[in-house]
Participant: 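My questions will all concern the structure given below.
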Number of protein chains: 2
Amino acid sequence: MFKDTPMSLMVRKLESRGPLDDADRAAIVALPHLRRTYEPSSYLVREGEPARKFCSFIESGLAYRQKLTANGARQIVSIQMTGDFIDFQHLFLRRADHNVQALTRIETIDIEREALQALSSERPAVGRAMWIDALIDASVFREWVVNVGRRDARTRIAHLLCEVAVRMRAAGLASDGGFELPMTQEQVGDATGLTSVHVNRTLKSLAEDGIITRHGRYIGFADWNRIRQAADFSDLYLHLDQTAPIV
Amino acid sequence: MFKDTPMSLMVRKLESRGPLDDADRAAIVALPHLRRTYEPSSYLVREGEPARKFCSFIESGLAYRQKLTANGARQIVSIQMTGDFIDFQHLFLRRADHNVQALTRIETIDIEREALQALSSERPAVGRAMWIDALIDASVFREWVVNVGRRDARTRIAHLLCEVAVRMRAAGLASDGGFELPMTQEQVGDATGLTSVHVNRTLKSLAEDGIITRHGRYIGFADWNRIRQAADFSDLYLHLDQTAPIV
DNA sequence: CGAAAACTTGACCCAACTCAACGAACGTGG
DNA sequence: CCACGTTCGTTGAGTTGGGTCAAGTTTTCG
């Protein structure tokens, strides 16, 4: 449809969220944009600051959303990966309510917030796709509340692994057999509300029971159904029926 | 501006999310709608079912969003009150990913989903207000991940009390001195990832320390600043600068 | 090759859970 | 209007999942 510009991944992503016509696609491709690289652990968004002028779309790499408590504990509230929009969550808000940090080195396409705001009303189909994207993010936040609130450590970690695996597969970034999880065990702890020590023990235990295999940070699944059950994982909340493969 | 119809609360609510002109207000008031009553603990939305045809706006009463784990544990993921829209979270999604239940008896205004979808693109200012509303809900979900993930029981419960107090005040439903919390201790536990027994002990301890007072389910604050600190509460995530008083 | 970061493991501890009993409040029907 | 069942709140005693502290070991990377 369009040649393979940096913007084509974004078009495909939005198209996976809702049907677009040629004019919609053209309007997206025509958006002025910059490409940018962020080093691991650098901040894209900082809690408390005015929502920034640019909205980032991840072309490659992983990032995470995070908040800190008064006593310095960190809670990661979501993982974002290639093909995810970072700033829809602040698109119409005045201030950032959380931090976004690069997990790996990431490349982004940055588009002016006002241009995206305008696009969302001028091209209703695009606006709808953006809505859906933001709503799916919200659904993931809800599932994370359940995960840290009501599941034990083993189930909780397995659930995180399932989510990342399924989303990576859906984005064409991983095979069925497993995936590279570029997180330290401390970061896994911050995402699950556990300590790194307990993450370590729990991963060991999951491996001992044959539910996962580990080689460095590569997580392998011998039997997807087994980990799915151990994780109490159902992909309903990811709304994959509104997400076509993008790569 | 408009006489006091059931819809005027909805107009005021949307207006608090973003500026509307007369035509926008008229379009909202013109929406065909039904009024409906739900008894306590009845379901408005059920996980797994197709997103329903009607979208509810709460005219009075409280509700909560909830998910269940495989072993039967319940996690409440948000509290919704008078002036809240329930179904924006599913406005463009095919299936419900969580349950919504009435906490007290609630009265709702129900509007057809398709009419709201159409309104959001035909009247961009209204669409923008709807976006903002949905984004603020998402911000609350993120804060809840932090709350259950990284705060201890006392801070966690205090935080819930602060959030409900601030939101009720913002909606004109409570005074500065305290508020009626129409939840059982088991429900408070389900909202904070604790057991009802521990909620009981923790409330007692907060009262013994003079941070709250209790009379039945009425929670009083002697010193707002004190509970704010005990709760590690900052209202940034509620985006009150984009929320005018509605009552 | 050396330093720093990440991972692993052991020993001990405690915040929150479980189980259980009882009291208070509340709605409902006779 | 009272009896009574049911739900809700309260408290005690004992248990445990996950935390803390600390000491290696391995990996990474400049």
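Proteins get letters first, then strands, A, B, ... in listed order; numbering begins at 1 in each. Because the structure is a prediction, the values reported are computed rather than measured.
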Participant: Could you check whether atom CD of B:E107 has more than 12 heavy atoms from other residues, nucleotides or ligands sitting under 6.0 Å from it?
Facilitator: yes
Participant: Would you give the length of the straight line joining atom CD of B:Q75 to atom CZ of A:R150, rounded to the nearest 0.5 angstrom?
Facilitator: 5.5 Å
Participant: Which nucleotide, C:dA6, D:dC8, D:dG18, lies nearest any side-chain atom of A:R217?
Facilitator: C:dA6
Participant: Whole angstrom is fine here: how far is it from CG in B:N200 over to P in C:dA16?
Facilitator: 15 Å
Participant: Can you list every pair that meets ring pair (Phe, Tyr, Trp, His ring centres under 6.0 Å) and has a residue in residues 147-166 of chain B, with sequence neighbours left out?
Facilitator: B:H159-B:F233, B:H159-B:Y237
Participant: Going by distance alone, is a donor N or O of one side chain under 3.5 Å from an acceptor N or O of the other, for B:E39 and B:S41?
Facilitator: no
Participant: For the residue pair A:H33 / A:D110, report whether a side-chain donor-acceptor contact shorter than 3.5 Å exists.
Facilitator: no
Participant: Treat primed atoms plus P, OP1 and OP2 as sugar-phosphate and everything else as base, then score nucleotides 18-29 of chain C 5' to 3': B for base contact with protein heavy atoms under 4.0 Å, S for sugar-phosphate contact only, - for none.
Facilitator: BB----------
Participant: Each nucleotide in nucleotides 25-30 of chain D should get exactly one letter: B, S or -. Can you fill that in based on protein heavy atoms under 4.0 Å?
Facilitator: ------
Participant: Any luck finding a side-chain donor-acceptor pair between B:Q89 and A:R142 under 3.5 Å?
Facilitator: yes
Participant: Which angle, to the nearest 10 degrees, lies between the helix axes at the two ends of the helix from C:dC1-D:dG30 to C:dG30-D:dC1, each defined by five pairs?
Facilitator: 50°
Participant: Enter the distance from A:I227:CD1 to A:I211:CD1 here, rounded to the nearest 0.5 Å.
Facilitator: 7.0 Å
Participant: Check DNA chain D against residues 184-191 of chain B and give the residues with a non-hydrogen atom under 4.0 Å, in numerical order.
Facilitator: B:T184, B:Q185
Participant: Tell me whether the OP1 or OP2 atom of C:dT8 has a side-chain N or O from A:K204 closer than 4.0 Å.
Facilitator: no
Participant: Give me the residues of residues 150-158 of chain B where at least one heavy atom lies under 4.0 Å from an atom of DNA chain C, by number, or none.
Facilitator: B:D152, B:A153
Participant: Distance check, rounded to the nearest 0.5 Å: A:I86 atom CD1 versus A:F54 atom CZ?
Facilitator: 16.0 Å
Participant: Can you tell me how far P of D:dG9 sits from CE of B:M183, to the nearest Å?
Facilitator: 11 Å
Participant: Going by atom types only, do A:D232 and B:T69 share a side-chain donor-acceptor pair under 3.5 Å?
Facilitator: no
Participant: Answer yes or no: are there more than 12 heavy-atom neighbours, outside A:E59 itself, under 6.0 Å from its atom CD?
Facilitator: yes
Participant: Rounded at 0.5 Å granularity, tell me how far OG1 in A:T192 sits from CZ in A:R154.
Facilitator: 14.0 Å
Participant: For B:W224 together with B:F221, are the ring centres under 6.0 Å from each other?
Facilitator: yes
Participant: May I have the distance from B:H215 (atom NE2) to D:dG9 (atom P), rounded to whole angstrom?
Facilitator: 16 Å
Participant: Quick one: pull up CD in B:E180 and OG1 in B:T104 and give me the separation to the nearest 0.5 Å.
Facilitator: 11.0 Å
Participant: Just by distance, do the side chain of B:K13 and the backbone of B:D133 share a donor-acceptor pair under 3.5 Å?
Facilitator: no
Participant: Distance only, no hydrogens: is a donor on one side chain within 3.5 Å (strictly under) of an acceptor on the other, for A:Y64 and A:Q101?
Facilitator: yes
